[in-house]
Amino acid sequence: MKITAIETVRIEEFPNLLWVQVNTDDGLVGLGETFFGPGAVEAHIHETIAPILLGQDPRLIGRYHSKLIGYVGFAGSSAEQRGRSAIDIALWDIWGKATNQPIHQLLGGAVRNDIRVYNTCAGYRYVRKSSGQGTNNFGLNIENGPYEDLDAFLNTADELAHSLLEMGIDGMKIWPFDYAAEQSNGHHISSTDLNKALEPFAKIRHAVGDKIDIMAELHALWDRPNAVKISRALEQFDPYWVEDPVFMDHLGSLDRVARSTRAPIAVGETRGGVADFRYLLELDSLSLLIMDIAWCGGLTEAKKIAGMAEAWHVPVAFHDCTGPVALTASTHLALASNNCDIQEIVRAFYYGWYGELMTNLPTVENGRISAPVGNGLGIELQPDVLKRSDCHIRRSS
């Protein structure tokens with residue numbers, strides 16, 4: 001089997017998303033995906049990755065994996081790393097199809113049939129068009145369906161918690177601190193703003209007690225003293241974790257935050273590659289590692305990271321606030337990873353636009369997710385996506 005062509009696919013409605021399709025001479029096509037800066041990623045795929053892979057056997061994933069970044073871009077979730085991630089997912093998809101197995105079987109076999117999910121409380125248009133992190137990408141004031149969960153956590157967090165529990169989902173992530181961070185560039189939060197941001201947590205605990213786990217997302221917007229201040233203020237609500245409290249460019253600062261609060265600290269979704277995560281583990285103060293499979297190097301790299309974290313007795317979770325292929329790949333690895341106990345979903349995405357783009361999705365039932373039935377990933381792009389007037393395809397062959 002040989003790779004005959006690599007295609008990148010973009011649609012204007014979702015300008016942050018990039019899909020790849022790796023074509024082979026026996027008709028098998030592997031599907032991959034990444035998110036943010038698709039133009040830069042697309043260039044890397046066609047200028048650097050395609051010349052390496054065209055004419056090669058797609059099943060030899062490990063042989064080529066380390067070469068797909070190139071000379072630069074190997075640290076963090078760079079455009080090079082995101083390109084490698086998308087291609088890697090597609091190669092695993094081909095391998096599963098070629099051997100008539102789902103990816104979780106190729107990863108060593110599922111250690112569980114399904115896994116618990118938590119809901120990141122975004123709405124239907126969250127981060128759809130903006131590539132920056134900020135309140136301007138919240139997508140508020142646009143009614144698209146019953147799961148406008150970002151507006152809900154800001155205003156009716158108690159009702160939102162009840163809604164999730166009714167679906168069997170007993171974990172939720174919210175980020176009410178972002179407005180205050182933007183006012184001061186993360187260098188000050190007043191008592192008034194802090195108390196306002198804590199209101200959703202108080203409402204949730206008053207409404208449902210400890211029946212639901214609450215994750216607090218800080219989006220790496222704070223300096224160290226204020227990250228500590230916020231984390232300590234959250235302790236009274238027993239958060240499941242506090243995520244990305246400071247910008248991820250100074251690990252010593254991150255370590256100081258983790259050791260200054262009883263709240264568990266979770267980080268990692270913006271990091272790329274096993275070496276980046278080794279540094280995080282060596283801090284020996286973090287409570288959980290978060291990986292985005294479409295940013296950290298694909299399934300090949302994420303499997304290594306999860307195994308390494310297991311040796312430190314640190315659990316892992318996989319990020320999904322980007323696209324349906326990333327969620328599906330994450331679900332396969334979550335099912336095959338001993339030290340993963342929860343998978344992120346965005347129900348507004350899952351029950352909204354994810355299904356409009358894909359032929360199949362992982363099954364979510366009673367707060368748990370399982371892999372699609374089928375070989376490889378078990379999903380494909382809807383055929384009509386490639387026929388859309390706003391679809392742009394670039395091909396290397």
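Side chains included, hydrogens not; waters and symmetry mates left out as well; all remaining heavy atoms used. Everything numeric in this text was worked out from a predicted model, so none of it was measured.
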| So which heavy atom on W295 is nearest to which on T322, and how close? | CZ2-CG2, 3.8 Å

| query | Hey, quick one: are I69 and Y279 part of the same hydrophobic cluster, counting side-chain heavy atoms closer than 4.5 Å, chains of contacts allowed? | reply | no

| message | With a 4.5 Å cut-off on side-chain heavy atoms, are L280 and V314 touching? | response | no

| query | Considering only heavy atoms from C-beta outward, does the side chain of R256 approach that of V246 to under 4.5 Å? | reply | no

| message | One pair to check against side chain to side chain contact (heavy atoms under 4.5 Å, CB included): Q81 and F74. What are the steps and the verdict? | response | CA-CA 6 Å; Q81 190 74 272; F74 52 85; 5.6 Å; no

| message | Side-chain heavy atoms nearer than 4.5 Å, only ILVMFWY residues, links allowed to pass through others: does that put Y124 and V385 together? | response | yes

| said: When you measure from the side chain of D193 to the backbone of I189, do you find a donor-acceptor pair of N or O atoms at a distance under 3.5 Å? | reply: no

| How long is the span from the CG atom in L165 to the CE atom in M172, to the nearest 0.5 Å? | 8.5 Å

| L335 and N113: CA distance, side-chain angles, deciding distance, side chain to side chain contact (heavy atoms under 4.5 Å, CB included) verdict | CA-CA 7 Å; L335 296 181; N113 294 325; over 6 Å; no

| task | Would you mind reporting whether L254 and P245 have side-chain heavy atoms less than 4.5 Å apart? | result | yes

| Which heavy atom in I61 sits nearest to a heavy atom in W95, and how many Å separate them? | CD1-CE3, 4.1 Å

| Can you check whether W92 and H332 have ring centres sitting under 6.0 Å from each other? | no

| said: If hydrophobic clusters are built by linking Ile, Leu, Val, Met, Phe, Trp and Tyr wherever their side-chain heavy atoms come under 4.5 Å apart, do F247 and L251 end up in the same one? | reply: no

| query | Taking R112 for the side chain and S337 for the main chain, is one N or O donor matched with an acceptor at less than 3.5 Å? | reply | yes

| field | Point-to-point distance, once rounded to the nearest 0.5 Å, from CG of D57 to CD1 of I3 | value | 8.0 Å

| task | Tell me whether M215 is reachable from Y147 by hopping between hydrophobic residues (I, L, V, M, F, W, Y) whose side-chain heavy atoms are closer than 4.5 Å. | result | no

| message | Does any part of the side chain of L234, heavy atoms only, come nearer than 4.5 Å to the side chain of P239, both counted from C-beta? | response | yes

| field | Any Q21 side-chain heavy atom under 4.5 Å of L381 side chain | value | yes

| Of all heavy-atom pairs between S370 and D114, which one has the smallest distance, and what is that distance? | CB-CB, 4.0 Å

| Do we see a donor-acceptor contact under 3.5 Å between the side chains of Q343 and T331? | no

| said: Does R116 qualify as a cation-pi partner of Y240, given the criterion of NZ or CZ under 6.0 Å from the six-membered ring centre and within 45 degrees of its axis? | reply: yes

| task | Calculate, to the nearest 0.5 Å, the distance between atoms OH and CG belonging to Y351 and L361 respectively. | result | 10.0 Å

| task | Would you mind reporting whether N23 and R395 have side-chain heavy atoms less than 4.5 Å apart? | result | yes

| said: Does this structure show an ion pair linking E159 with K203, if we count only N-O contacts that are shorter than 4.0 Å? | reply: no

| task | Mark yes or no for whether H319, through its side chain, and A326, through its backbone, hold a donor-acceptor pair below 3.5 Å. | result | no

| Flag for T359-E380: side-chain donor and acceptor within less than 3.5 Å | no

| said: Would you compute the distance between atom CD1 of I369 and atom CD1 of I342 and round it to the nearest 0.5 angstrom? | reply: 11.5 Å

| Who are the salt bridge (Lys or Arg N to Asp or Glu O under 4.0 Å) partners of D244, not counting sequence neighbours? | none

| At what distance, to the nearest 0.5 angstrom, does CG of N338 lie from CG of D341? | 12.0 Å

| Charged N to carboxylate O below 4.0 Å: is that the case for R84 and E80? | no

| message | Looking only at side-chain N and O atoms, does T135 offer a donor or acceptor that is under 3.5 Å from a partner on D178? | response | no

| field | Least distance between heavy atoms, D320 atom then I345 atom | value | OD2-CA, 3.5 Å

| task | Any chance you could lay out the side chain to side chain contact (heavy atoms under 4.5 Å, CB included) test for M248 and S77, step after step, and finish with the verdict? | result | CA-CA 11 Å; M248 292 291 294; S77 50; over 6 Å; no

| request: Check the pair D88 / T300 against side-chain hydrogen bond (donor to acceptor under 3.5 Å, both in side chains), numbers first and verdict last. | output: CA-CA 7 Å; D88 183 84; T300 299; 2.6 Å; yes

| So, for G378 and D93, which heavy atoms are closest and what is the spacing to 0.1 Å? | N-OD1, 4.5 Å

| task | In sequence, state the C-alpha distance, the side-chain angles, and the governing distance for H392 and E12, and then conclude on side-chain hydrogen bond (donor to acceptor under 3.5 Å, both in side chains). | result | CA-CA 8 Å; H392 303 278; E12 294 173 13; 2.7 Å; yes

| message | Looking at D384 and R388, is any side-chain nitrogen of the basic one under 4.0 Å from a carboxylate oxygen of the acidic one? | response | no

| query | Between P58 and M1, is any pair of side-chain heavy atoms under 4.5 Å apart? | reply | yes

| message | When you compare the side chain of L154 with that of Y179, does any pair of heavy atoms fall below 4.5 Å? | response | yes

| CZ-CG distance between F318 and D292, expressed to the nearest 0.5 angstrom | 10.5 Å

| task | Before giving the answer on side chain to side chain contact (heavy atoms under 4.5 Å, CB included), spell out for V316 and I305 the whole-Å C-alpha distance, their side-chain angles and the decisive distance to 0.1 Å. | result | CA-CA 9 Å; V316 299; I305 295 163; 5.6 Å; no

| query | Can you name the one residue among W222, F201, F153 that meets ring-ring contact (aromatic ring centres under 6.0 Å, His included) with W175? | reply | F153

| said: Minimum heavy-atom separation for L327 and P362, please, with both atom names. | reply: CG-CG, 4.4 Å

